[in-house]
Amino acid sequence: MARSLQPAHIENDGQQKQRTILVVDDELLVRQMLQDCLEEYGFTVLTATDGVDACGLFMKEFARIDLLVSDVLMPRMNGFYAYQVMCRIKPGLKAILVSGYPDSADMINEGNINIPEFLSKPISPRELISKIHAMLGNV
């Protein structure tokens, strides 16, 4: 099962420079690829290695974080639980959770009030940017 982004060139129109995205993934290569893709498109990117690290960073930086992009299955704290913790600090936080395991989407949607968007790995940069635009707009 592939756990990386599919390569594709994305043109930066320069409209996303004020937006900050928190990227969380326990796999270094995936985290770096997400960061590179989003920075190439003009976003400011903060990264964390798992849900525990992400929550700690979020507590310090929540005011400037516009969106969370997180893997679901990670050691110490999964991405969905970390998202729920972050929503207690910043209600209405927009999030995209990603996973290579289809059952992860069911876990996220079962009886939860704050339901983030979900993408299955592997994801393409175009798919990710399109989803981010739909959630944040082109501002």
Side-chain angles (χ1 to χ4, degrees):
M1 180 172 307
R3 290 190 41 94
S4 63
L5 289 172
Q6 298 170 347
H9 179 72
I10 299 172
E11 294 190 26
N12 179 358
D13 62 8
Q15 295 181 23
Q16 281 71 35
K17 293 192 188 225
Q18 300 97 0
R19 301 295 190 152
T20 299
I21 298 175
L22 173 56
V23 171
V24 188
D25 200 297
D26 58 316
E27 292 189 28
L28 176 62
L29 185 59
V30 174
R31 196 169 57 247
Q32 287 176 334
M33 291 174 75
L34 285 166
Q35 181 176 5
D36 291 347
C37 168
L38 294 169
E39 286 178 346
E40 178 181 334
Y41 206 75
F43 293 100
T44 299
V45 179
L46 303 174
T47 62
T49 59
D50 61 33
V52 173
D53 291 340
C55 287
L57 180 58
F58 190 82
M59 289 177 76
K60 295 175 190 169
E61 302 288 345
F62 72 90
R64 69 184 195 126
I65 295 173
D66 299 297
L67 180 82
L68 169 69
V69 175
S70 178
D71 190 17
V72 175
L73 300 175
M74 296 180 289
R76 299 199 313 158
M77 182 188 293
N78 74 51
F80 180 68
Y81 186 76
Y83 168 68
Q84 292 296 324
V85 170
M86 291 176 201
C87 283
R88 290 185 205 132
I89 298 165
K90 187 174 186 173
L93 174 67
K94 295 179 185 328
I96 300 171
L97 298 185
V98 296
S99 179
Y101 301 95
D103 293 343
S104 296
D106 295 336
M107 174 188 79
I108 290 166
N109 292 323
E110 275 187 24
N112 293 298
I113 296 169
N114 296 318
I115 300 174
E117 295 290 324
F118 180 82
L119 293 175
S120 293
K121 289 182 181 180
I123 57 174
S124 73
R126 289 186 196 286
E127 180 181 23
L128 180 61
I129 296 300
S130 175
K131 182 67 76 173
I132 290 170
H133 276 199
M135 295 175 75
L136 297 179
N138 291 327
V139 179

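We're numbering straight along the sequence, starting at 1.
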Evaluation steps, side-chain contact (heavy atoms from CB on, under 4.5 Å), between Lys121 and Asp71 | CA-CA 9 Å; Lys121 289 182 181 180; Asp71 190 17; 3.5 Å; yes
Do any side-chain atoms of residues 45-56 form donor-acceptor pairs under 3.5 angstrom with protein atoms, and if so which ones, sequence neighbours left out?
residue : atom : partner : partner atom : Å
Thr49   : OG1  : Asp53   : OD2          : 2.4
Asp50   : OD1  : Val52   : N            : 3.0
Asp50   : OD1  : Asp53   : N            : 2.8
Asp50   : OD1  : Arg76   : NH2          : 3.3
Asp50   : OD2  : Arg76   : NE           : 2.7
Asp50   : OD2  : Arg76   : NH2          : 3.2
Asp53   : OD1  : Arg76   : NH2          : 2.9

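- Heavy-atom minimum distance, Ser70 versus Gly79: OG-CA, 3.5 Å.
- Put simply, Leu128 and Leu136 are part of the same group of oily side chains (I, L, V, M, F, W, Y) that touch within less than 4.5 Å, one to the next.
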Could you go step by step and tell me if His133 and Tyr41 meet the side-chain contact (heavy atoms from CB on, under 4.5 Å) rule?
-> CA-CA 11 Å; His133 276 199; Tyr41 206 75; 3.5 Å; yes
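- Under the 4.5 Å side-chain criterion, counting only non-hydrogen atoms from C-beta, Asp26 is not in contact with Arg31.
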Going through the checks in order, is the side-chain contact (heavy atoms from CB on, under 4.5 Å) test met by Leu29 and Met33?
-> CA-CA 6 Å; Leu29 185 59; Met33 291 174 75; 4.0 Å; yes
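- When the side chain to side chain donor-acceptor pair (under 3.5 Å) test is applied to Gln32, no partner is found at least two apart in sequence or on another chain.
- Using cut-offs of 30° and 60° for the angle between ring planes, the Phe62 and Phe58 rings count as tilted.
- Listed by chain and number, the residues in a salt bridge (Lys or Arg N to Asp or Glu O under 4.0 Å) with Glu127 amount to none (sequence neighbours excluded).
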Glu61/Leu22 under side-chain contact (heavy atoms from CB on, under 4.5 Å): CA gap, chis, key distance, verdict | CA-CA 10 Å; Glu61 302 288 345; Leu22 173 56; over 6 Å; no
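- Val85 and Phe80 fall into different hydrophobic clusters, where Ile, Leu, Val, Met, Phe, Trp and Tyr are joined by side-chain heavy atoms under 4.5 Å apart, directly or via other members.
- One hydrophobic cluster, built from ILVMFWY side chains closer than 4.5 Å, cannot hold both Tyr81 and Val72; they sit in different ones.
- Interatomic distance, Asp66 CG to Leu68 CG, rounded to the nearest 0.5 Å: 11.5 Å.
- A side-chain contact (heavy atoms from CB on, under 4.5 Å) with Ile21 is found for one member of Thr44, Leu34, Ile132 and no other, namely Ile132.
- Under the rule for a side chain to side chain contact (heavy atoms under 4.5 Å, CB included), the partners of Met135 that lie at least two apart in sequence or sit in another chain are Leu67, Lys94, Ile96, Glu117, Lys131.
- Judged purely by atom type and a 3.5 angstrom limit, Tyr83 uses its side chain to pair as donor or acceptor with the backbone of Leu93.
- Looking at Phe118 and Ser99, their side chains come closer than 4.5 Å, going by heavy atoms from C-beta outward.
- In the hydrophobic clustering of this structure, Met77 does not group with Met74; members are Ile, Leu, Val, Met, Phe, Trp, Tyr whose side-chain heavy atoms approach within less than 4.5 Å, directly or through other members.
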